[in-house]
Amino acid sequence: MCGIVGCTTTERADRYLLPALQALEYRGYDSVGVAIATTDGTVTTVRSINRIGDLTAQLEARTGARLSGTGIGHTRWATHGDVTEANAHPHQDCDGLVSVVHNGIIENADVLRAELIAEGHRFSSGVDSEVICHLIEQSLVGASDSGLQGAIESCVRRLEGSWAILVMETSTGRLFATTHRAPLLVASSDNGHFVASDVTAIAPWITAFRVMSDGDLVELGSPLRWIAGGVEVAPPEALGLSWSSSFLSLAADDPDFMGREIAEQPETVERILSELAPRVSTGDLWRELGLPHFRRVAVLGCGTSLNAGRIIAHAFGAFGAIVNTAVTASEAGAVVLDAETLVIAASQSGETADVLRALDELQTGRGRVLALTNSMHSTLARRADGVLNCSAGPEIGVAATKTFVAQVVTGVCLALSAMVARGTVLRAQADAIVDDLRRTPDRLENAIAVSRQWVPDIVESVRDAQGFLFLGRGAGVVYAAEGALKLKELTYRWAEHYPAGELKHGPLALVEEGTPVVVIESADGRLSANVAEVRSRGGRVISIGGPGSSIPVVDGNPEALTRSGRVSQGRGGNTFAACGPLESVVPMQILARELAIALGRDVDKPRNLAKSVTVE
Ligand code: F6R
């Protein structure tokens, strides 16, 4: 995890680095720090385990040489070493020749550290990243002095693991970037040159950016020097920014990013469908990906993306009787797939290390990989055989909301289009399903309005509850899982989900007087029996469904309760399924957010979490 940024600009570097770090905070916020070259050939380093405002105060209070336009910054999600100022980046070597920020994990850090200490290096932190500083120092002062570029090249040859590294030389202010299995983007504009983990950090000052590939080394400055395989090469093609940087700040009437992103869901789905729908019933959405025929589908992902993946996998089964599975990416090592399996890797960020590792582990015998991601320039997108953009726009809140609905709708369109292309679903049948999908924005809009009306009282009534259950049957189970995930990550209260039928096999023991039990209603009659079992043990049932439920977000049509269910009959008697009661996720997002606010939590940055999980 962690976010890094560097710049060489004509104005003071902190004017860029601090807002960039603010934008990168979603990658981790355990500590933050910058190192800025001064006009007299020294470096000013400020670090804090508090938020960015602390750095501003420290920089304002400093005296001495003027700050230049060259600097590097880091926002940390702790992996090695406690959350202390000493462990905050940037780090330096023994004599302060270089300052370094690092995103990733150096897996052989302990071995390197022991070796460097034996050679006389003095470490001042407990983090793996510090070995990078001393390895570079070793080369810079060693007999084979090959300059800063050579020192960085020989340093990374010693590293195992993953890294995006920025190195700033104190005496010259030269700034290099290099990467291996971690994202880094480079951009130039009238404001200067920038390098960052994510384009959101530098979006206000650029219109296009270039993506660094594994092994690239770039020296920031005029001209930009791009080195690959030890030789200088032309920089890769620049990609344009496809969204406005206004996405990155809150407007006066936005309560927080999560609140804004929940509210954006109807228009997000509207935009996705206006782009995809015309190509679904023709089969073109699938054909344009250029992927080969497949017999089976495996969708892999983590967290919320895995939940979306379960719905997408189910859609392949329901539309085309395709054998399907959803794979927890971090456990993919044990999964056996064959070459006729289409692997759909679902990841909002496209940088999730568990997903990238899963693709490595599935190499043997796996079929083609399709990335379903919100970041078309991500590592996942570059490693996949095909890419489908879930087009949610930047999501800043750490908890995934609008990207979940975007993944579900995009993935379901993909499944339907693939089945039309192979002739399993007729065009007229697909049209009927697409027509139903086109009502999704209205359903979400209605769900937001209804939830805002009903959720506040529910929040009051469950404020002191320490544990929650989420139940569903059929398509509702995945939504129950997503609701429980949102509640625990936002409120820090225990929440578990179960297929409702499982309750009597153990979890019912958890239900006591007042235990909140959120139920995703369905037309399955057995669900009411399960709910009755909860009620008779004193459970406080909060039902999400049609009229008469505690939060009536689903329209009255009983069909709507099982929208996973029959839209029409296909050849061979297949039943068609779309995405289940998608709008039922809305009240659970709003419940989690409002309860979190009532409990004084930071809803955009829940504790211990980060949005882009680049460690395993
Ligand atoms: C939950 C959440 C996480 C992510 C998970 C995967 O709200 O945001 O569970 O869904 O870390 O991240 P991506 O989708 O970037 O691979």
Side-chain angles (χ1 to χ4, degrees), residues 1-3 24-28 77 182-183 197-198 200 256-259 261-262 265 299-312 326-332 343-359 369-381 383-384 387-408 410-411 470 478-479 481-492 495 497 585-586 588-593 596 601-616:
M1 343 264 251
C2 307
L24 285 175
E25 261 194 329
Y26 74 87
R27 299 177 71 90
W77 187 83
S197 305
D198 183 353
T200 52
D256 42 62
F257 284 107
M258 186 187 183
E261 286 154 5
I262 290 171
Q265 293 180 111
V299 189
L300 62 87
C302 305
T304 289
S305 290
L306 177 60
N307 287 336
R310 290 188 207 285
I311 298 167
I312 296 164
V327 179
T328 305
S330 55
E331 293 296 328
V343 177
I344 301 177
S347 171
Q348 185 282 129
S349 62
E351 302 295 348
T352 299
D354 289 321
V355 173
L356 298 173
R357 170 64 70 105
L359 296 186
V369 174
L370 173 66
L372 174 60
T373 179
N374 201 30
S375 174
M376 294 296 277
H377 56 268
S378 59
T379 309
L380 174 64
R383 283 178 59 188
V387 189
L388 189 56
N389 191 350
C390 78
S391 310
E395 185 177 69
I396 310 298
V398 163
T401 52
K402 67 172 178 170
T403 54
F404 172 75
V405 298
Q407 285 170 328
V408 168
T410 308
F470 286 73
V478 183
Y479 291 101
E482 181 57 13
L485 177 58
K486 287 292 95 96
L487 195 103
K488 50 194 147 194
E489 69 176 323
L490 269 293
T491 66
Y492 321 153
H497 83 277
V585 77
V586 170
M588 294 187 286
Q589 295 167 340
I590 292 178
L591 172 67
R593 175 178 170 274
R601 318 293 194 222
D602 180 341
V603 293
D604 284 337
K605 298 187 180 74
R607 72 180 180 199
N608 304 338
L609 301 181
K611 192 153 188 75
S612 190
V613 187
T614 56
V615 296
E616 291 171 60

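Indexing begins at 1, ligand by ligand and atom by atom, following the structure's order.
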If I compare all heavy atoms of Met588 with all of Gly483, which pair ends up nearest, and what's the gap?
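In this case the closest contact between Met588 and Gly483 is SD-CA, 3.5 Å.
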
Residue pairs passing the salt bridge (Lys or Arg N to Asp or Glu O under 4.0 Å) test where at least one lies in residues 391-400, sequence neighbours excluded: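 Listed by first then second residue: Glu395-Lys611.
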
So salt bridge (Lys or Arg N to Asp or Glu O under 4.0 Å) across residues 396-408, not counting sequence neighbours, yields Glu264-Lys402

| message | Just by distance, no angles: are the side chains of Thr401 and Gln265 close enough, under 3.5 Å, to form a donor-acceptor pair? | response |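 No donor-acceptor contact under 3.5 Å links the two side chains.
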
Item to check | No-hydrogen, no-angle side-chain donor-acceptor test under 3.5 Å, Thr200 and Asp198 | outcome: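 The answer is yes; a qualifying pair exists.
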
Worksheet item: Who are the side-chain hydrogen bond (donor to acceptor under 3.5 Å, both in side chains) partners of Ser391, not counting sequence neighbours?
Response: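 Testing Ser391 for side-chain hydrogen bond (donor to acceptor under 3.5 Å, both in side chains), a comparison that skips the adjacent residues, returns none.
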
Amino acids contacting ligand 1, non-hydrogen cut-off under 4.0 Å: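 Around ligand 1, where the cutoff is 4.0 Å for heavy atoms, the contacting residues are Cys302, Gly303, Thr304, Ser305, Ser347, Gln348, Ser349, Thr352, Val398, Ala399, Ala400, Lys486, Glu489, Val613.
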
